[in-house]
Colleague: 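Take this structure first; my questions come after.
Remember, predicted model here, so these are calculated numbers, not experimental data. Values reported hereafter were calculated over all heavy atoms of this structure, with side chains retained and with hydrogens, waters and symmetry mates removed. Below, chains carry the letters A, B, ... as their sequence lines are ordered, and counting in each starts from 1.
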Number of protein chains: 2
Amino acid sequence: MADRSPILPGTLDLLVLKTLSVGVLHGYGIAQHIHRLSREALSVEEGSLYPVLQRMETKGWVTSEWKQSPTNRQARYYRITAAGRRQLGAEEANFHKSVAATTRVLRGAES
Amino acid sequence: MADRSPILPGTLDLLVLKTLSVGVLHGYGIAQHIHRLSREALSVEEGSLYPVLQRMETKGWVTSEWKQSPTNRQARYYRITAAGRRQLGAEEANFHKSVAATTRVLRGAES
DNA sequence: CGCTATACCTAGCGTCCATATGTATAGCCC
DNA sequence: GGGCTATACATATGGACGCTAGGTATAGCG
């Protein structure tokens, strides 16, 4: 039953950091951004997103601040840090490298 | 160690099935094939490989048979089944779709 | 006043892969 | 014949990760 395609395991940090590299957003907005940019292919579940945002704050990759949202509700806005940008760069490079390697196997280079 | 880059989580089944779609191989040979085709970028650990082969046999995606290897040792050779090929097709399509979606987010289509 | 969309949070669970370890044999070199 | 490496299989343990399922709360709308 696993064939609804959620995000690729291991790429959630990457997607979130990339989203925050564009601007300051709250959690709900991050999920929407990823959903929209992926043309509805990727859905970030809230039960995955909020814990990951907390982990990233603990690691110093993002900072957060409560603010009023455009819809007049309190929301926690996240901002990426310098360390977060370094992490983003490393994860992005690694992702492309791993995808390329996997693709080589799938193409069956030899034969 | 020089190429310390694990496989993308969730792609191990896919890599193994793809490898077996080319021919009958034993576990050790599967790991070597993936390592070589990926140009040493991907290393399949034995502690990951053997359990996954057992799981795939339980699911009916592969069958196995003890045989003599070219080096005169007993080895368990794996053969992909029709169900395994269907699974391979589904996982391969899903992988490409997910990578494309993730790449769209990373390219940051909007500003 | 109920409904929907927005917004955040946590507990619990299953899946997945790596680490570490153990077993065993073939072939080679000295 | 003793040691070494490569080949070959197996499991136990543990951590990381993301999803399911639930809960809380408010703004805006009809």
Colleague: My understanding is that only residues two or more places apart in sequence, or in another chain, count here; which of them pass salt bridge (Lys or Arg N to Asp or Glu O under 4.0 Å) with B/Asp13?
Modeller: B/Arg55
Colleague: Can you sort out the partners of B/Glu92 under side-chain contact (heavy atoms from CB on, under 4.5 Å), two or more places apart, ordered by chain and number?
Modeller: A/Leu106, B/Leu14, B/Lys18, B/Leu88, B/His96
Colleague: When the distance from OH of A/Tyr28 to C1' of C/dA7 is rounded to whole Å, what number comes out?
Modeller: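 Distance, rounded to whole Å: 8 Å.
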Colleague: Can you check the B/Asp13 CG to C/dC17 C1' distance for me, whole Å?
Modeller: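 Whole-Å distance recorded here is 11 Å.
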Colleague: Going 5' to 3' along DNA chain D, which nucleotides are the first and last within contact of chain A (any atom under 4.0 Å from a heavy atom)?
Modeller: D/dC17 to D/dG28
Colleague: Assigning hydrophobic clusters by single linkage (Ile, Leu, Val, Met, Phe, Trp, Tyr; side-chain heavy-atom cutoff under 4.5 Å), is A/Tyr78 placed with A/Leu12?
Modeller: yes
Colleague: Give A/Leu12 one of three labels, base, sugar-phosphate or nothing, depending on what nucleic acid heavy atoms sit under 4.0 Å from its own.
Modeller: sugar-phosphate
Colleague: Check the distance between C/dT6's C1' and A/Leu25's CG and give it to me in whole angstrom.
Modeller: 14 Å
Colleague: What does A/Gly10 touch in the nucleic acid at a heavy-atom separation under 4.0 angstrom: a base, only the sugar-phosphate, or nothing?
Modeller: sugar-phosphate
Colleague: Does A/Thr11 or B/Gln32 map to a spot on DNA chain D nearer the 5' end, using the closest nucleotide for each?
Modeller: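 Between the two, 5'-proximity favours B/Gln32.
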Colleague: Nearest-Å distance, CG (A/Leu49) to P (C/dA7)?
Modeller: 13 Å
Colleague: From NE2 of A/His26 over to C1' of C/dC8, roughly how many Å is that when rounded to an integer?
Modeller: 10 Å
Colleague: Nearest whole Å is fine: how far is C/dC17 C1' from B/Leu42 CG?
Modeller: 14 Å
Colleague: Looking at every heavy atom in both B/Tyr77 and B/Pro70, which two are closest together, and how far apart are they?
Modeller: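 In terms of heavy atoms, the two residues are closest at OH-CD, 3.4 Å.
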Colleague: Between C1' on C/dT23 and CD on B/Glu46, what's the gap in Å once rounded to a whole number?
Modeller: 12 Å
Colleague: For A/Tyr28, check side-chain contact (heavy atoms from CB on, under 4.5 Å) against everything at least two apart and list the hits.
Modeller: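 If we apply the side-chain contact (heavy atoms from CB on, under 4.5 Å) test to A/Tyr28, skipping adjacent residues, the hits are A/His26, A/Gln32, A/Glu46, A/Tyr50.
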Colleague: To the nearest 0.5 Å, what is the distance between CD1 (A/Ile30) and OG1 (A/Thr19)?
Modeller: 6.5 Å
Colleague: Residues from residues 62-76 of chain A sitting under 4.0 Å of DNA chain C, heavy atoms only?
Modeller: A/Trp66, A/Ser69, A/Thr71, A/Arg73, A/Ala75, A/Arg76
Colleague: If I take atom CD in residue B/Gln54 and atom P in nucleotide C/dC16, what distance separates them, rounded to the nearest angstrom?
Modeller: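 About 14 Å, once rounded to whole Å.
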Colleague: Using the side-chain contact (heavy atoms from CB on, under 4.5 Å) criterion, which residues pair with A/Arg39? Sequence neighbours excluded.
Modeller: B/Arg104
Colleague: Which is true for A/Gly27 with a 4.0 Å heavy-atom rule: it touches a base, it touches only sugar-phosphate, or it touches nothing?
Modeller: sugar-phosphate
Colleague: Hey, what do you get for CZ (A/Arg76) to CG (A/Leu53), rounding to the nearest 0.5 Å?
Modeller: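 Result: 9.5 Å between the selected atoms.
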Colleague: Mind running side chain to side chain contact (heavy atoms under 4.5 Å, CB included) on B/Thr102 and A/Ile7 for me, showing each step along the way?
Modeller: CA-CA 8 Å; B/Thr102 302; A/Ile7 65 171; over 6 Å; no
